[in-house]
Each structure stands twice: as structure tokens, then as C-alpha cells.
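Comments concern the structure below.
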Amino acid sequence: MNMIELLTELAVMPLIAFTIGLFMVLMMRKIAAKIQRRVGPPLLQPLYDIVKLYAKKTQNSHGLVHDIGIIMAVGGYIAAETMLPVPGMNGIAAKSGLLALAYVIMIPSLGLALGVGQCANPNGSIGIARALTAMLAYDVPFVIIIFGASWFYGSNNLIDIVAHQQAGGIATWGAAKMPVLAIAALFSMYAMLGKQPFEIYVAPAEIATGPMVEMGGKYLGGLFVMQCFQLFTASAIYVTMFLGGGENWPFFLVKLFAIIAIPMSMAFVFPRYRTEDVLAVVWRWPVLLGLAGVWLVMH
Amino acid sequence: MSTLKNIPVVSHEKPSGGTGNLLANVFDELMAFCRSRSLFMLHYCTGCGAIELPPAMTSRFDMERLGIQPMVTPRQADILLVTGYVSTKTLKRIILTYEQMNSPKYVIGICSCTVNGGMYWQSYATAKKLNDYLPVDMYIAGCMPRPEAVIHGLRELMENIKKGESDNWRDYYRRYDHYLGNQQRLFGENWQTPTDIIGEARHYDLMGPETLGPHTALLEQHQTPLKPFEMTLGLADLPVRKDEPR
Amino acid sequence: MNHSVLALVPALPLLASFLLPLVPGAARRLVGPLTLLAVAFIGLNLWPLVQTEPMVLAVGDFAPPLGITFYADSVSALFVIAVALVTLVLWPWSGSDAGNLDRKQSLTLILAGACGGLAVSGDLFNVYVFYELAAVASFGLAAGARTAAAQIATFRYVVIGSLCSLLALLGITLIYVQTGTVNLAHLAQLAPLKLHNPLGLAAFFMILLGLGVKAELFLVNTWAPDVYATAEARVSGLLAGLVSKLALLAVVRLLVLIFPLPEARDALLLLGMLGILSGEFAAFRARDVKRMLAWSSIAQLGAAFVAFAIPGPAGLAAGLAVALHHLLVKPALFLLADRWGGSLAQITGAARNSPVSAGLFVLFILSMLGVPPLPGFWAKYLLLSGLAAQPEGLWWLAGAIILLTTVVEAVYLFRVIGALYGRDHTVTPKTQSATAVIGSGVFAAVLLAVAFSAPLLALPLNRMAVQMADSAAYIARVLPPVLPGVAP
Amino acid sequence: MTSLDLLLILSGLTTLAGFAFGNHRAYPWLAGIVLTAQIVILASMPLPMAAGFGFEMFGHPVGWQMDGFGRFFALITLGAALASVAYTGGEWGERYAAGGKNLRWLHGALAGNVLAMLLLLASGDLIAFFIGWELTSWAGFLLMAQGGERALRAAMRYVPYAMAGAMAVLGGLVLSLTWTGTLDLSQLVMLVPGLANWKLALLLALFGTGFAIKMGLLPVHLWQTPAYAEAPGAATAFLGAISSRMGLFGFGLLLVKLITLTRLADLSFIDGLFSARDLIEWVAALTIVLPTFTALKQNDARYLLAWHGIGQSGYMLLGLVIGDATGSAGGLLHVFNHATYQAALVLSVFAVMHRTGTADLNSMGGLVTRMPLTFLVMLLGIIGLAGLPPMNGFVSKWLIYRSLMIEGRPLLFLMTVLGTLGTILSVYKLIHNTFLGQLRAEHEQIREAPWSMLVPMLALVALAFVTGVAPGLALNYVNEAQAALGLPVMAHTLGGVESPRGSLDMLWIVGVLFAGFGIGALLFYGAGGRSKRIHQLDNYAGGHFLSADVRYQYSDHFYAGLMHRIGPLYRGSFTQMEAALASANDLLASLMQAWYRQAVPALTLLIATVLGLAWMIWR
């Protein structure tokens, strides 16, 4: 692979991720609307929102760190997208791997946390405290699953993992070989997406949307963009680990959207957990499932 | 001042299709379109009118299909919905909330109370006309207006935004002295919000003929400074001065 | 050098002590120091001579086993030097009035003479005599502080001391009854036949307890904390540093020459272990500096007993190292505790007005804890490696106890350091006296010299231990086989 | 004279100079130059390098020799000392001296620590090792005790621990002498693995206790936090960066070199189910998790960091004990990495203390506008401590994770990650409560820390960043240490590890990350409308008007929801255990005192005599 090709991939991969993410947001809102027997937003609504937010005339910054936080939140995901192999493009997946990716996607969260902290709003700080607590909750099963998958495939390299699954068709997919882990992973990804009942850190009625309390204009817009990336990343990691990655774009898209659709179909009928209950639930079921799955994989 | 048309609206948008860069015009149109199709609203539920909003949002009327959805804090919101009578005490909060919103921002007064005080006309503690204190873009009269009326009003606003007609937020900057005067009359001359409207007007070049005036002068006398904490290195102490008290 | 100088070691100080009151004027104050210098000179001259060949003096030319025998090997010579020099450093230069001072100086000289005698005695009866002499002198010195507390403490000391002297005498009597001799060499010859039985062991045990009083042996050491806490610092230093070592030496001579039996060793080991445990733990709760030092000294002597219990030259080397180290450290600490005695709170911040003394104090403490490269470490190393070389069981338990109690020791000793360097401005601690600083400075200089020349000193120490352990040579030297043409 | 001699002599001279004229203004410069020279000498020294001096004691030669393992630690030691000394060079030192404290003692103790550590790291036999060990302990005590009343109390608490550790090591030394007849490390290496299992287990217990105490492994870690936190700033940085790693050095010698890891795995407790190696791995893993979550609860920045220092040492030991090329490289690399960012973090906390006078996380906030460079240092530092890219902490932790994955240790892996997550939570609290949020009215006039303090801090984080982007720079020395220990050597590239089973190339990752940030910045500044800085009181408060006298800051009980769940687990069991030991000790002590206070000693004497005689006679 020559350098120019690589650079093109690095530029294109985030763009694709963003586009897919936009539609995932739309799908999410549509699912919510359908469950609530509403029409729901029009096709380009996520785009309208983002454009409008960026186009705000006056915007409030609480200081440089506030700005940098948003830049890190968006930029970190842009970087992360280049480490996720998609059909036809591998980016720098060979140079990072599953483990590094899991830590790289903490960078945007940390950036966001910094930005929110600078806002000097206790609601935001509480939101971040809760978000970090939620991260502590869902990352525990998540790393167990990463361990299991990495042990099963004998590699940490996402390209290898994808190749391994694609070699034998559906029968060799992670989900077929490691069903317990796949279920645990779905659970943990659900918690990661932070929708009901796990939306402890947004909690609009309680802490006024937590981290987003002081975010307006392009700051909020940045977070919307980040959400698009986040949905794509979570889904793509899952697909890569358990659903054979992307053989070609149509199948890949189906898998990506399906994976997001499953938890979202459940989300909007739930109320919200309390923080400690998120810990209790996530540390119990997906962790137990994950450990059982790892045990099965290793024996 | 009994009709909407009499609310002073000063448009400074260039008429569409006029001079200037075509591409820029298209861009502006696009922005206006997006603004009109994506409205986050903050409902400041001061009175009984708030009860009409849930039906407007939920499955019967579903605002979201118009791109309108509720938001929680002023920073995120585009529309400030004031849904009922406004007492003096509440008005302070409404003004604070309005000033904390990011422009372009729109104020909608719902119910008769926001128009003229409604049934509280004789109350000593109720602000009668909201547009004395804030630039109201749209009144939805009624006691209370039905959800259809609310939706209708919102659609009107969307049209106005798309056409570039609804930009009363500029008026607040351009005639800040006027609004501030009315506010001071009600709250006393010590009145101050933490938002630096004049500074914003300067920063975004939104100054108008009446931005500054006697009332802003009065404000400056009583104002506690609101200069943001700029990041400072403060490394003037190189080399360390011996005489300096530490 | 004439063998008869050996007799001068005890005789000179004793004589001087009786003559002291007769010497007129200012010269009277010089009698003691000059005598001690003379003894030191004798000891220093003795040292090279006895390295290869121990020196024997049969007083009045009565051939051993008859008559009084003085015997000096390198250990004796070393202790003679130590007695003279340590007494000199702890010499009572001043007193409240002239009569008191005379008394103190006389008693100190008697103590020095008795100690010298213990170092060179070659028979059991002389050991007892010198031991009693030392006891009487120390009673007098201990009560010399003339406070009610000191007198009460001394009274307890006298009671226990006298009872134990009786025990020792009983033990010696038993031995004499069994063997008909008190000469150590002769006893050593006869012991396998006549004394290595329950009766002999009982005698040994009685003598052990009897002499153990001065050596602060567990069971008979209850007097020590009170006496050390109430007596003058120099007296405490003499008793803890010097007298205890000489008593210990006497016991060890018995152990090596007459009772090299596992039972005897076990008794030493057990009592030593109990001494370490009781001393260190009791010191842990002590709030009075001098009492703390007293308990610590009990523990140190316990360690010395444990060391001497180890069979063979390794044990003697370890014991000598521990004992000599304690001899260097404890008198100096007591000297410094003269002004800094009493409650710890009173010395808070003392390092501010007496930095040198505080530094010396820390130095001694570190050495006592066995912080390398100070000599205390090498002593501890010898002791522990000696213990570890023995089969497991009590020996290893003793090693474990030493390791564990060092932790306790560190805590209470660092408490003193913490107080010295503390920052409480409400108390104004006393400044150190010049004599204490100079005295402890001398000890510190020796300590540091030893620390820097430790590799060089390892060899002589070993040689001493080997010489001391060689009971056959002792017998041969004192009771030479009658060869044709050589007068015994 | 060999270059090791020169190194030690220079170090000794620095110590003397520190005690003699450490309060002179020129001393930090001089010491800095000499330390730099020492680093150069050390780095350019051919290995192994024996010292020209030495002596023989009781038939055992005592000598010093530096190998790759020692040099790795020695370089970190000298570097940490350099940063600490530089930090004292300006205003900090002046203020310290003005506060009535003595700079000479501080500098002397600091240089003394370095000397003691160099002696320890270059020891060629167990006696030299023990000399170094004790000197390190007591030099450390001296340094800890410099910080005033509370520091003295903390240092006093350290005494029994240090002594217990030293005595355990001494016991181990004596036993290995007894069993092998030698104290020379090069001979012990051959003889020790041949010892019987119970002997090895005893050696492991004795030496292990000593090293564990120094390192602050569970359950003997309690002394470390207050002792490190209360010391003066420069001292805290030095202690936190390297001091307790001497325990790890000991473990490296003991576990890897003397006992060897294979022998360690043979020492099984329950029929091969649980070996000594497992035990150590689990102790290390618990040391990662428990102190980290204790740190989470701290409200004093210094204590928070000190607790993390304990937690992070678990990673190092775990990596070392896993013992494969990747894991041990990770463990060793973490020593260096931790030193860089921990020193920087501690220094930044003390820089904040220098200006605000407090390290209480509930009485600060919003300082980023006043001390932006200090903020930058702390930001990079916490990213390193939390083990996130692009800082070096990520690389070493990645290596450890990776080796646990390869070795198939899911539970240990989980513990390491749990530690990392806990760290992220607690360091966010640190930076949030210090630098973010509402600036207090009393801190509005505060200025940035002086350059004399900033330069070492910035240099440290720069080092942490550079070795994060190009870990190969540090891995060269790690490889040397691995080779000296007899561990498999990990092949590496400049950017990390190249492996068919999953590579790590930090050059690319960081490159892409910063490219991402660049695009993010373009989007932010290019695509959106202009933003305006606003005052912190212009803030959403549900319609409330904020004023400067109202604290609008969330700092106390920061992770309330988490604590609701895990709070009951903080029972203070270790503290209770320590207290129980102390009171048992007290009880024993009072019993012993009672013995000496007996009223009728004659009676006791009689009984004892009778018993003793009976024993002698009937034995």
C-alpha cells in the first residue's frame, strides 16, 4: 500500500463514519418516534441540527479548555475511525489493534470531560462524574470481551480478526463461535451508548443534560458530531469482533445498523437507572456472561 | 401596539437575490433553511399554558416532524417559550435565560397573559407586555391556545425564519438601551444580569443606534465587572524581583 | 614485661582508692586519672604480648592450682584497656562537695580495680571476691545521687544483689565440694569427670544467676531500670557499659572452660531471649529516656548472652562483638542522657541548641539498631549468622526474636530522635554539658574509627575468639605439663 | 579508578556539598551540573562495570558492580533527582528557607538518597546490597522528615515498617549465607535455585517482605502515602518517582535472578493449583486495584497522587512476574514512565500549593486561567498516569495488558484494567477540582508558577510525551535491564512493538491522533461561528443569578453514585490491622514493664532459682 492511498483512506474513513453516524442518529430518533407512535424527524434532521448549531451567530465559550475539549472530543474520534477496518479500507488498523483502539476512544471522553469541567457548571461536573462512573461500569465487561475475542482469534490485530471470520463464512463469525461473549458485548455496548435506562449522565430533568449543560452552538454541534462517531465506532467494533466485519459495503451497513437497532428498540420504553444501579446491573450480568464466555473460549 | 405588526421589527438582512456573492447568498439561504428546520425550544413554563405543550410534542401533533424538540438549558435552545403570566420575579429569570441563549434566538409568548397581562391585568406584580422587556417574535394568544394554535404559531415562525424576517434578537442588541430601560423601571437601577450584552454586541458587531444610552450608562455605574477570566501566564517575574511581596 | 604486672591491674586502682583521701591538695584530683592511665598503659603493653601466648601469673609463686592465679589472654587485655579508658571517660571530675567527690572517686577506683580483677582472674574465688568488690562499689555509686529515688532503687539493688551473691557463693561452694579446687584451669581439667552432671549444672546455674545480676541477666535484672534511671549518668554508664560486660566475661569463662554443655548453653540462650524480649518491649513503653536506655541495655545484654550461647569461636566472636559494641555505645548514651533524662517531651527540639550532641545521639542510636556500615551492624551480622548456622529450633527462634525486637527498638529509639528534632517551641530543653559532649565524642570517635576499619578488625576479633575458645590451651598454659628441667 | 568509582565519588561529593552549603543560591545549579555529569557518565558506561574499591568482611568480599538492570534504575534516580533539585532552584527554595526550614538538610538528604540508591543499585553482593538498602531507607527517612510536624509523624510511622523490612532482608541474607555459603550475587544466582522448596519459600517470604514494604505492596503499604505526601515538594517528587522502586529492584533480583521464575512457579501451595508466582501476581494485582480506589476517595491532591504511586507499582511487579518478553518490558518500562509523569504531577501539585497555599481538592478550582502551563503539565501527567495515548504510561500498560492476553490471564487482565479505569476517574477529579470549574474569588489574583518550577515540570512531561510517541528510546535501556536479569529480551521498533499477533506503533497512533485533533480544530474554528469568552458567573443555574460569593462548584464527594455502590467496601481493614498490631505490641510492652515493676523480686528470684535448678537436674 502506498502512502497516498493510505492518506486517502485516512481522510475518507472519518467522513464515511460521520455519514453513517448521521443516519444512525436518524434511525435512533425514528425508532423512538415509532415506539411513541409519532412520525419522527425528517431524513436530514440530524444534519439540519448540526448545521444550525455550527451556524449560530453568537456562541459562548468558557475558555480555551472548553474549546479544546470539543476539539479533542471530535478529533479523537476522527483518529479512532482510521483504526477501524471497513470494507476496502484498513487505515492504520494494523498499527494499533483492538486494545489500543479501546484506549484511543477514551481520549474523546477525556477531552469532553475537560471541556465540561472548564464550563464551571456543577451540573456538567456531576454529569461527567456520572459518565466516568458509567464508563467504569461498562468498560469492565467490555475489556473482558476484548480479552476473550483477542484470545479466541489469537491476535489483537483487527485485520486478522476480520480475515479470520471471513475465511469460513457465517459459521466462523465471532457470534457463532462465542455466543455468550457476543451477548455480553451487546449488553455492554448498550450501556456504552448511554441511552435509557443507562442515560444517567444526561438526565435532562435532573442535572439539565449534564455534560451538555453549557454547550450551545458549535459546542453542542461538536457533541452531535461526536455522537455520530460514537454510534458508528461502537457498532463497528462489535461487527468487527463478532459479525465478521465488512465483506462489502451493503452487508456491512446492514450489520452496523442492525447492531444499533437492537438496543435502541429497547431503550425508549425504559425509564432511567440511578448511577449505583447502573454499576450493579452492568457489573453483574454482562460481567458474569463475559467471564463465562471467556472461560468457554479458553477451554 | 395591539397587533403583531406594530412590534418594532427592524430587518437588516439584505433582501434576498440582491447584490453580493451568489454563493454566499445560497449559503445564507441554506443556513436560514436549516435554522428553520431545526428548532430547539426551551419552554419556560410560567403559567397554565404549559399544559398545552405536551400534546403538541407527543404523538398527536408530534413537533419533532417539524424539527422542533424540547431542550433543557438556554445554551442549547433556539426558542424561548413563555407560557403564561410573567410576574416581576419570574421576569428576571426569563431575561437571564433569554440573554444566555445563543443567537439567533426567538421568543414566543403563549397565552394572553404575555400579550397584555390577561386576567392579571390589575396585578401589581405582573409584567403586562412581554415585548417591553424582550423582543418577542411571535405571540400565540388565547386563554389558553390549543395545541393546533401552538403548532400553527411555530410553523409561522419557521416560515418567518426561512424568509429571514424573524430576527428580533438583533433588535435586542441594537436597542438594548430601550429594553434595559424598561427592565430598570421594573427592577430598579441596580438591575444587572451576568451576561455582558454590550460586550457581545461589540464582539459580534451588532451595535445599533440605541445599544448605548442613558440606561446603559446607569448600568455601568452599578455593574460588577464581568470581564471573563482570560488565560494569563503572569510570568512577568522573570527574573524574580526581590522586593516583591509574596 | 614481667608477669607480675598482671597483679597491678586490680591492685593499682584499689591501692589508689585507699590512698586518695591521704593525698593533699590539688594533686588528689590527679590520683585517679593517673592510676587509670597507668592501668591503660599496662593493658596496652599487655596486648601485643598476649596475642600468641596468654600470660599467667601465679601470685606468690604458688604453682597452680594452689594460690591465686591471674590469667591474661587477648580478651582480658582488651577488657583491661577498656576498663581503664572507659572509667577515665566517665570519671567523676566534679562533685557537690569535696568529701562527696572523694567518696565518688574512691568508689570509682574500686570499681575499676574490681573490674580489672574480673578481667584477669584465673580462679573462681577471686572472681567472686572481685565481683563482690564491684558490687559494693556500685551500691555506693548508685546511691551517690543522694536522692530518695536513688536510695530506694539502690536498696532494691542491694537486696537482689546480696541474694544473688549468696547464690553464686553457694554455686562455687558446690563446685569446690565436688572438685576440691577453685582454679579455673584445674576445674576445666576436672570438669568432664566431676562437674558434667546435674549437680555441676545446678552449680553453674546458681553462679549464672549470681553473676547475672550485674550482667543484667533476665530474672535478676529488675533492679536495673530504676537504678539506671535514678543514678548519675556516668554511674549508669559504668554499670551498664562496663561492669555488666565484666560479669558477662566471667560467666563466659565458666561456660567455655568448665561447662561447655548444651544444657548450659540452652540456659544462656533462653534467658538471653527472654532478656531481649522483656527489655525491648518494656523500653517500648518507656517515656523516660534513661529508663528507656536501661531497658535497651537489658535487651542488648540479652543479645550478648544469646551470642555467647552459640558454641565455638563463632559464638564468642559474635558475643564479643555485641558486648564491645554495647560497651562503646551505652555509656555514651547515658552520658548524653544526663541532661536529657526524664520525659521525652522535655527534650523536644533539643537539637536546636545542642546540634552536635543530638547528632552524636543519632549516631549511637543508628549503630545500636545495626544500621550499616556502623559497627552495630557487623555485631548483629555476626550474631545472626552464628545463630543461623546452628540447627533450627531455639537458635532460629532467637534469631527471629532479635530481628523482630529490632523493629520495636527502632520505634522507641526513633521516638527520641523525633523528640530531639521536633518543633515544639513551648519547651526549652537543656543544653548539653561540655563533659558529656566530649565524653560521648570520644566514644563516637572510636565508634567511627571502628566503622571505617571494620574489615581490618575482623581478623583480630576472630583471633581473640579462637584464643578464648581454646580451653585446652588455657589448661596447658596455666598447668603446664611438667617437663624435665623446667620449673612449673 | 573506574567510571563507577567516579560516579559514586561525584554522588558522595554532592551529598557533602548539599549538607555543607545546600542553602547557597548556587547549589542547585552546581548540583544540577554534577547530576547531569553523572547521568552522562552512567549512560556512557560500558557494562558490567565493577567498582575499583571493595573490602573483605569475615571472609566475604564486599564489592560493587553496575549492570544493565541497575543502570536502568540508576538513570531514573539521577533524572528524578535532577528535576527535584532544579525545582528548588528558585522561588520554591527561597520560600522553603523563608519558612524556617533548612535547605541544607533537604539538599543533603536528597543527594544522600541518590548516593544510597546508587550504592544499592550497583551492589555486587548481599552485604553491599544490605548496606545500600539500609542507607536508602534511612536517607529516605531523613528526606521524609523534612516537611514539618505532620511529615515527622508520617516518617515516624515509616520507622517500624522500614526496620521490619530491613530485618526481613537481613534475615534472608543470613539464611542464604547459611545455606549457600556465599553472599556474592554471581554465585548465589547459581546456588539459590538448587535449594529445597521450603528454603526457597522462606527466602521468598523474608526478602519478599522487605521488598514489599519498601515498594508499598499490599498489605504493608500504609506507611507510604502520608510519608510521601507530607514531605516537601521536591522531596515528594523524588520519593514518588523512584524511591519505592528500590523494592521493585529487589524483587527483580530476588524473583527473576536468584529464585528464577520457573522455580517460583514450582513453589506451589495447594497441590499445584496456586503457586508462589500466582501469589505474587495476585498481590500485585490487588496492589493495583485497592490503592487506586483509595486514591479515588482522597481530598488532598498530594495524598491522591501518593496512593496512585502505590497502585502503579503493582503494574510494575505484575509485568515483571509475568516474565515474558512483553510483560517484563512493560513492567520495567513502567518504572521509567511512572517516574516521569509522577514527578511532573507532584511538582505541579506543589506549584499550585506554592501559589494557593493549599492542596485541598475542595478549596480550589478554575485555576486553569491563572496557571495554564501548570495545567498543561498536570493534564499531560494525568493522561500518562491514567495510561491513555499519547503519553508513555499507555505504552507500558499496553505491554502489560498484551502479555496478560498472550499468557491467557483474564482475571489479572481485568484487575489491571480496573486499576486503569479507577485511575482515570480519580485523576479527572484531581484536575477538575484543581484547575477546572469555578475560580474562587480569593484566587483571582494568582499568577503562574515561576519558571524555576515550570522548567523541570515541563521537561518531565516533555520526556513523558516523547517517550510515549517513541517508546523505542526508553525500551533500549529496558532491553538492557531484561538481558541483565536473564529475561527474554523484547524486540522493539522506535514506535513500539512489531508483532504478527498485534502491533503497536505509537508513531502512527499519535500521528493520526494529532491529525484528528487538527481536523477537529479546523472544524471547530473554521466551520462554526465565532465564539466569545464569557465570565464564569454567566452560567446556567436554573434561572438563578450567580455571584462570586456563592460556590458554584461540584467537588466534594465527587463520585457519589459510585461510592454508594462501592463505599461500603472501604472499611479500613488495613488500618485496623495496623492498629491491632500496634495495640498488641503495646499490651506486650505493658506486660513486660509489669515484670520490672514487681514488688517482691526476691520471691521471683526464689521461684526462678528453684525452677531453673529443677530444669538443670531433671533435664
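Values reported hereafter were calculated over all heavy atoms of this structure, with side chains retained and with hydrogens, waters and symmetry mates removed. In what follows, chains carry the letters A, B, and so on, assigned in the order in which the sequence lines appear, proteins first and then strands, with residues in each chain numbered from 1.
- Looking at A:Q36, only its backbone comes within 4.5 Å of chain B, counting heavy atoms on both sides.
- Counting heavy-atom pairs closer than 4.5 Å to chain B, the top residue among A:L64, A:N60, A:L53 is A:N60.
- Ring centroid separation for the pair A:Y48 and B:F33 comes in under the 6.0 Å cut-off.
- Only the side chain of B:E200 comes within contact range of chain A, judged by heavy atoms closer than 4.5 Å.
- Interface remark: B:S36 contributes no atoms to any contact with chain A (heavy atom separation under 4.5 Å).
- Interface check for chain A: of the options B:T73, B:V72, B:N102, the most heavy-atom pairs under 4.5 Å are formed by B:N102.
- Residues B:D132 and B:Y179 bring no donor and acceptor atom of their side chains to less than 3.5 Å of each other.
- In terms of non-hydrogen atom pairs under 4.5 Å with chain B, the most contact-rich of A:V213, A:V51, A:I50, A:L44 is A:V213.
- Neither the backbone nor the side chain of B:M63 comes within less than 4.5 Å of any heavy atom in chain A.
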Next item on the list: Before giving the answer on side-chain contact (heavy atoms from CB on, under 4.5 Å), spell out for B:K92 and B:Q183 the whole-Å C-alpha distance, their side-chain angles and the decisive distance to 0.1 Å.
Entry: CA-CA 9 Å; B:K92 288 184 181 174; B:Q183 292 165 7; over 6 Å; no
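- Residues B:H215 and B:Q184 have side chains that bring a donor and an acceptor to within less than 3.5 angstrom of each other.
- At a 4.5 Å heavy-atom cutoff, B:F27 makes no contact with chain A through either its backbone or its side chain.
- No salt bridge links B:R37 with A:D49; every basic N to acidic carboxylate O contact stays at or beyond 4.0 Å.
- Comparing A:M212, A:R29, A:R37 by how many heavy-atom pairs each has under 4.5 Å with chain B, the most go to A:R29.
- With a 4.5 Å cut-off on non-hydrogen atoms, B:A77 touches chain A through its backbone but not through its side chain.
- Between the side chains of A:E81 and A:T233, at least one donor-acceptor pair of N or O atoms lies under 3.5 Å.
- In this structure, chain A has a heavy atom under 4.5 Å from the side chain of B:Q69, while its backbone stays farther away.
- A centroid separation of less than 6.0 Å is found between the aromatic rings of B:Y172 and B:Y98.
- Between the side chain of B:S87 and the backbone N or O of B:T90 there is at least one donor-acceptor pair closer than 3.5 Å.
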